[in-house]
Amino acid sequence: MAIPDPTPLDELWFTRCPVPTATGIAWKLGWLTEEFAADGIALRTLQESGSELGRHHYDHRLPALIREGGNMLSIAARAQGEPTRLVGLTWIEESQLVLTRPDTGIASAADLKGRRLALPGWSHNDLPSHVRGTSIARGMSLAGYKGALASAGLTLDDVDLIEVPDRLRNVGGSGRDLAPRRTGLNRLWPIEALVSGHVDAIYVKGASAIDGAREAGLTVAVDLDALPDRRFRVNNGTPRPITVHQHLLDEHFDVLVRFLAVTLRAADWVKAEPDKLRDILEFETEGSPQAVDQAYRHLHEGLHPTLDAERLALFEQQKKFLFTHGFLDADFALADWIDPRPLEAARVLAAQHALISEAA
């Protein structure tokens with residue numbers, strides 16, 4: 001049963017990472033703006049606003065915020081005690097690669113044994129309580145190596161992890177630029193350390209990283225997307241959570257349901273019209289057309305959020321990984337974080353909209 005909205009809502013915020021999401025697609029199609037225009041609710045996005053509220057992409061302390069993004073930040077925020085709830089999980093295959101130079105002779109996961117792998121350092125930023133949770137490049141690289149090595153029966157003990165500086169610091173050196181930009185995935189990865197010979201391999205993810213690798217003349221040692229077992233591909237974006245503040249659930253449940261229903265329609269649109277998606281993906285990821293085609297070969301298969309047992313088990317795997325390797329200050333029970341009601345209601349609403357559209 002829907003919770004009534006006792007207080008007016010004039011702004012609804014959302015944020016997403018520079019990756020394909022149903023939220024970002026619905027936004028670019030104009031559907032989210034259209035949905036709430038008659039209610040006088042303005043849609044705001046942290047990415048395009050240029051607002052100082054950008055820090056809430058990391059800490060989720062903005063009550064009217066819906067977040068669809070990497071799981072490291074959302075899990076860290078919950079571990080810090082933020083009153084958020086998990087309302088959905090997507091699974092988007094997004095070109096996770098281990099790169100090397102042509103002269104290393106590394107051509108498979110087994111060849112990584114005994115080699116030097118770059119491990120980005122801990123981030124230093126202006127959010128002291130979230131320093132570890134915001135060390136995105138370090139967390140993704142470590143998880144990527146773990147999955148690649150496991151596919152060949154190896155562990156992190158079989159390689160040499162070489163720490164390299166975190167690259168996401170502002171020019172002044174006083175801390176990290178906290179704006180949740182669409183751009184910059186290529187800035188995450190220590191390509192120079194590989195090109196210079198300081199390390200033998202690096203982990204990268206996404207379309208812009210593919211462009212950077214091509215420009216630097218690097219080759220693919222391991223394509224994690226090609227590994228058949230999804231457990232080897234669990235990382236910051238797989239699964240990718242949709243989280244909301246408890247205030248939004250309590251005070252504006254129906255608005256949240258409508259928002260999710262629009263994103264479900266966008267996911268349906270992608271599945272029906274995959275060829276019309278490239279321009280939106282180029283905008284969201286800032287990758288070239290070639291890199292977008294390579295990075296998101298199976299995009300339509302994972303945009304629909306669920307809370308099914310498989311995705312939840314893989315999400316639990318990631319949470320345990322983050323806690324074990326020091327990215328969380330505390331552990332918590334995943335079951336206590338989940339609220340399935342908004343997604344269930346959104347599915348019903350989206351189905352009703354589809355019937356009306358067919359009748360028209």
Looking at [atom1] of [X] and [atom2] of [Y], how far apart are the two atoms once the value is rounded to the nearest 0.5 Å?
X      : Y      : atom1 : atom2 : value
Leu43  : Glu34  : CG    : CD    : 10.5 Å
Glu192 : Leu194 : CD    : CG    : 10.0 Å
Met140 : Lys205 : CE    : NZ    : 5.5 Å
Leu53  : Thr45  : CG    : OG1   : 11.5 Å
Arg214 : Thr219 : CZ    : OG1   : 13.0 Å
Tyr58  : Arg67  : OH    : CZ    : 9.0 Å

So, the side chain of [X] versus the backbone of [Y]: is there a donor-acceptor pair under 3.5 Å, distance only?
X      : Y      : answer
Thr324 : Lys320 : yes
Arg85  : Gln246 : no
Arg240 : Thr90  : no
Asp339 : Arg341 : yes
Asp158 : Leu154 : no
Tyr145 : Leu119 : no
Arg44  : Trp13  : no

Smallest separation among heavy atoms of [X] and [Y], with atom names:
X      : Y      : answer
His60  : Leu65  : NE2-O, 3.2 Å
Ala213 : Ile191 : N-CD1, 4.3 Å
Ser123 : Ser135 : N-OG, 2.8 Å
Phe253 : Ala345 : CE2-CB, 4.5 Å
Arg78  : Thr84  : NH1-O, 2.6 Å
Pro63  : His247 : CB-CD2, 3.7 Å

I'd like to know if the side chain of [X] pairs up with that of [Y] as donor and acceptor (distance under 3.5 Å, no hydrogens or angles considered).
X      : Y      : answer
Thr21  : Trp27  : no
Gln318 : Asn235 : no
Ser74  : Asn71  : no
Asp225 : Gln96  : no

Please examine the side chains of [Y] and [X], heavy atoms only from C-beta on, and report whether any two atoms are closer than 4.5 Å.
X      : Y      : value
Ser141 : Trp189 : yes
Thr238 : Glu94  : no
Val244 : Leu256 : yes
Leu334 : Phe315 : yes
Ser108 : Val222 : no
His57  : Leu73  : yes
Lys146 : Phe232 : no
Ile210 : Leu97  : yes

Determine whether [X] and [Y] fall in the same hydrophobic cluster, where Ile, Leu, Val, Met, Phe, Trp and Tyr are linked whenever their side-chain heavy atoms lie under 4.5 Å apart.
X      : Y      : value
Leu343 : Leu249 : no
Val98  : Val164 : no
Leu260 : Val348 : no
Ile106 : Leu99  : yes
Ile25  : Leu264 : no

Considering only NZ, NE, NH1 and NH2 on the basic side and carboxylate oxygens on the acidic side, decide whether [X] and [Y] come within less than 4.0 Å.
X      : Y      : answer
Glu35  : Arg258 : yes
Asp268 : Lys271 : no
Glu82  : Arg61  : yes

Problem - Trace of the side-chain contact (heavy atoms from CB on, under 4.5 Å) decision for Leu142 with Tyr203 - result: CA-CA 8 Å; Leu142 198 60; Tyr203 168 90; over 6 Å; no
Handout entry: Trp31-Phe259 aromatic ring centre distance below 6.0 Å
Key =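 No: the rings miss the under 6.0 Å criterion.
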Problem - Face-on cation placement of Arg230 at Trp91 ring, 6.0 Å and 45° thresholds - result: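 Yes.
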Exercise for the section: Kindly indicate whether a cation-pi arrangement holds for Lys319 with Phe332, taking the cut-offs as under 6.0 Å to the six-membered ring centre and within 45° of the axis. Expected result: yes
Handout entry: Derivation and outcome, side-chain contact (heavy atoms from CB on, under 4.5 Å), residues Val87 and Thr243
Key = CA-CA 6 Å; Val87 299; Thr243 54; over 6 Å; no
Handout entry: Stepwise side-chain contact (heavy atoms from CB on, under 4.5 Å) test for Met72 and Asn236
Key = CA-CA 6 Å; Met72 285 187 65; Asn236 182 44; 3.3 Å; yes
Exercise for the section: For the residue pair Phe327 and Trp122, categorise the inter-ring angle as parallel (less than 30°), tilted (30 to 60°) or perpendicular (more than 60°). Expected result: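 Tilted: the ring planes of Phe327 and Trp122 meet at 30° to 60°.
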Exercise for the section: Please work out which of the three classes, parallel, tilted or perpendicular, describes the rings of His325 and Phe321, given edges at 30° and 60°. Expected result: tilted
Handout entry: side-chain contact (heavy atoms from CB on, under 4.5 Å) assessment of Leu117 paired with Asp160
Key = CA-CA 6 Å; Leu117 309 186; Asp160 291 326; over 6 Å; no
Handout entry: CA sep, side-chain torsions, deciding dist, call: Arg116, Asp200, salt bridge (charged side-chain N to carboxylate O under 4.0 Å, His left out)
Key = CA-CA 5 Å; Arg116 301 167 300 162; Asp200 301 313; 2.8 Å; yes
Handout entry: Working for salt bridge (charged side-chain N to carboxylate O under 4.0 Å, His left out), residues Glu68 and Arg16
Key = CA-CA 5 Å; Glu68 182 175 5; Arg16 79 278 190 205; over 6 Å; no
